[in-house]
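Below you'll find the structure, written out as structure tokens, and then a few comments.
For the single chain, residues carry numbers from 1 onward in sequence order.
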Amino acid sequence: MKVIVLGAGLVGGPMARDLAADSDFEVTVADINESALDKAGSGLPITTLKEDLSEPETVRALAADYDLVISAVPGFIGFRTFRAVIQAGVDVVDIAFFPEDPFELDNLAKENNVTAIMDCGVAPGMSNILIGSVDHILDRTQNCEIYVGGLPQRREYPYEYKAVFSPADVIEEYTRPARYVQNGEMVTREALSDAEYIDFPQLGTLEAFNSDGLRTLARTIDAPNMKEKTLRYPGHIEKIMVLRETGFFSKDPVEIKGVEIRPLDFTSRLLFPLWEFGEGDRDITVMKIIVEGSKDNGDVRYTYSLFDRYDEENSVHSMARTTGYTATAAARMVARGLFTRKGMSPPEYIGKDRECVEFIIEQLRERGIIYNEEIKILS
């Protein structure tokens with residue numbers, strides 16, 4: 001099967017390499033960044049293409065030559081990239097965290113007979129799959145909580161943070177209003193709000209804040225209480241809030257010495273170099289998923305825990321592993337005909353099929369990514 005990965009960055013490159021190690025796939029990776037392409041294609045049978053993926057016509061023409069597409073482009077071009085692939089009539093697995101409503105593309109995907117899986121990373125992604133799976137098991141789902149973060153292993157002043165995916169998407173997490181479900185009602189709060197401290201055995205205390213990570217779960221899961229929070233080392237929230245409230249993330253131009261500039265562009269130029277992973281930098285991914293509800297007239301709680309580190313043997317960042325290998329597992333699932341639903345499918349739809357869930361969990365386990373499950377009877 002011919003597969004193309006759109007984007008050769010921190011996550012796209014490892015996805016291409018993971019698929020290229022499988023003799024079932026002929027793999028191509030496309031990006032405008034030549035150094036990223038060189039790194040992704042080194043030592044494996046991967047075809048590299050230098051292409052401007054911000055152009056939908058380019059994406060549509062590229063996709064038409066392949067059997068399956070994995071989109072790993074930045075979120076700000078994610079929606080139009082997804083639409084272009086669907087217009088080409090090609091099955092697609094996507095990890096772009098775009099703000100638009102993905103269900104706007106549902107009819108288009110059905111008309112083009114396309115299996116389109118969106119948000120198929122770690123969170124959203126694997127978090128949705130596991131919540132969808134438990135929701136399918138329970139008679140009634142009452143509460144869903146997701147706590148997730150990608151962190152540098154070494155804490156370094158001033159931000160104690162490194163961007164384990166597109167830095168532009170990180171800033172989007174800090175500015176996009178956070179939506180969650182409380183007592184059956186949709187609530188919208190500013191990002192970074194409702195800070196709380198959470199203890200994790202492997203790391204100690206982390207701080208959690210509201211982020212807009214529920215995505216499609218708020219629409220597809222009938223539970224009166226659902227929220228997603230992002231995890232950082234303590235102190236990070238206050239620093240970012242000062243920048244945001246001062247206007248450093250604003251997209252409205254300001255005039256400086258006769259030149260108009262967006263504060264966000266200025267801030268990005270300063271922040272992104274500080275947030276880049278350098279040679280020797282390592283990362284950690286931590287996640288806890290809690291789902292509570294009733295089954296056979298009793299209350300039950302499912303808890304899933306993930307703690308993953310940088311892969312020293314293959315030099316792959318943890319966030320690339322936990323995000324990218326979920327997507328490549330989904331790609332293999334589609335390629336093998338295990339999941340054939342046409343139209344837009346959020347990951348929780350995969351959770352409805354136990355065979356698909358077990359397939360993805362096993363694929364991840366083979367790569368050393370372990371989701372520990374705990375089931376507790378509450379009453």
Are the side chain of N143 and the backbone of E292 linked by a donor-acceptor contact shorter than 3.5 Å?
-> no
Side-chain donor-acceptor pair under 3.5 Å between T220 and Y349, yes or no?
-> no
Does atom CD of E238 have more than 12 heavy-atom neighbours from other groups under 6.0 Å away?
-> no
salt_bridge(D67, K2) N-O dist < 4.0 Å = no
E276 bridged to K162 by N-O distance under 4.0 Å = no
Tell me, with the steps shown, if M344 and M118 meet side-chain contact (heavy atoms from CB on, under 4.5 Å).
-> CA-CA 7 Å; M344 296 295 288; M118 70 273 212; 3.9 Å; yes
Yes or no on side-chain contact (heavy atoms from CB on, under 4.5 Å) for D281 and R154, after CA distance, side-chain angles and deciding distance?
-> CA-CA 8 Å; D281 284 338; R154 185 180 65 183; 3.6 Å; yes
Take V286 and L206, measure what side-chain contact (heavy atoms from CB on, under 4.5 Å) needs, and give me the verdict at the end.
-> CA-CA 10 Å; V286 59; L206 299 176; 3.9 Å; yes
Any side-chain heavy atom of I361 sitting closer than 4.5 Å to one from L130?
-> yes
Rounded to the nearest 0.5 Å, the OG atom of S318 sits from the CG atom of D283 at a distance of 5.0 Å
Answer with yes or no whether the side chains of R354 and S133 bring together a donor and an acceptor at under 3.5 Å.
-> yes
Which word best sums up how the rings of F209 and Y174 line up, parallel for under 30°, tilted for 30 to 60°, or perpendicular for over 60°?
-> tilted
Option from N112, D106, N107 for which side chain to side chain donor-acceptor pair (under 3.5 Å) with K110 holds | D106
Please assess I117 against V92 for the test side-chain contact (heavy atoms from CB on, under 4.5 Å), listing each intermediate value before the final yes or no.
-> CA-CA 6 Å; I117 303 174; V92 55; over 6 Å; no
Verify whether one side chain among S211 and E228 offers a donor that lies under 3.5 Å from an acceptor in the other.
-> yes
Look at E104 together with R83 and state whether they make a salt bridge at an N to O cut-off of under 4.0 Å.
-> no
Going by distance alone, is a donor N or O of one side chain under 3.5 Å from an acceptor N or O of the other, for D199 and T205?
-> yes
Distance-only donor-acceptor check, side chains T58 and D52, under 3.5 Å = no
T285-D308 side chain donor-acceptor pair, cut-off 3.5 Å = no
Do F248 and L264 have side-chain heavy atoms sitting under 4.5 Å apart?
-> no
Salt-bridge test for R219 and D101: reply yes if a basic N is under 4.0 Å from a carboxylate O, no otherwise.
-> yes
Hey, what's the ring geometry for H236 with W275, parallel, tilted or perpendicular (30° and 60° as the breaks)?
-> tilted
Any donor and acceptor pair, going by atom type alone, linking the side chain of N128 with main-chain N or O of G125 inside 3.5 Å?
-> yes
Is a side-chain N or O of S42 found less than 3.5 angstrom from the main chain of D38, in a donor-acceptor match?
-> no
Test: D18 and R332 ion pair at under 4.0 Å = yes
Thinking salt bridges, do E145 and K288 make one under a 4.0 Å N-O criterion?
-> no
Any side-chain heavy atom of Y302 within less than 4.5 Å of one from I289?
-> no
Would R321 and E313 pass as an ion pair if we require N to O under 4.0 Å?
-> no
Exceeds 12 heavy-atom contacts within 6.0 angstrom, atom CD of E185 | no
Backbone N/O of A116 and side chain of K342: donor-acceptor pair under 3.5 Å | no
Using modelled atom types only, decide if a donor and an acceptor are shared between the side chain of R17 and the backbone of G13 within a distance under 3.5 Å.
-> no
Is there a donor in the side chain of T303 and an acceptor in the side chain of E373, or the other way round, less than 3.5 Å apart?
-> no
With a 4.0 Å cut-off, would you call D252 and R262 a salt bridge?
-> no
Carboxylate-amine/guanidinium proximity below 4.0 Å for D194 and R189 | yes
Any link between I221 and I290 through a network of hydrophobic side chains (Ile, Leu, Val, Met, Phe, Trp, Tyr) touching at under 4.5 Å?
-> no
Would you please say whether a donor-acceptor pair under 3.5 Å links the side chains of T141 and D135?
-> yes
Cluster link V3 to V11, ILVMFWY, side chain under 4.5 Å = yes
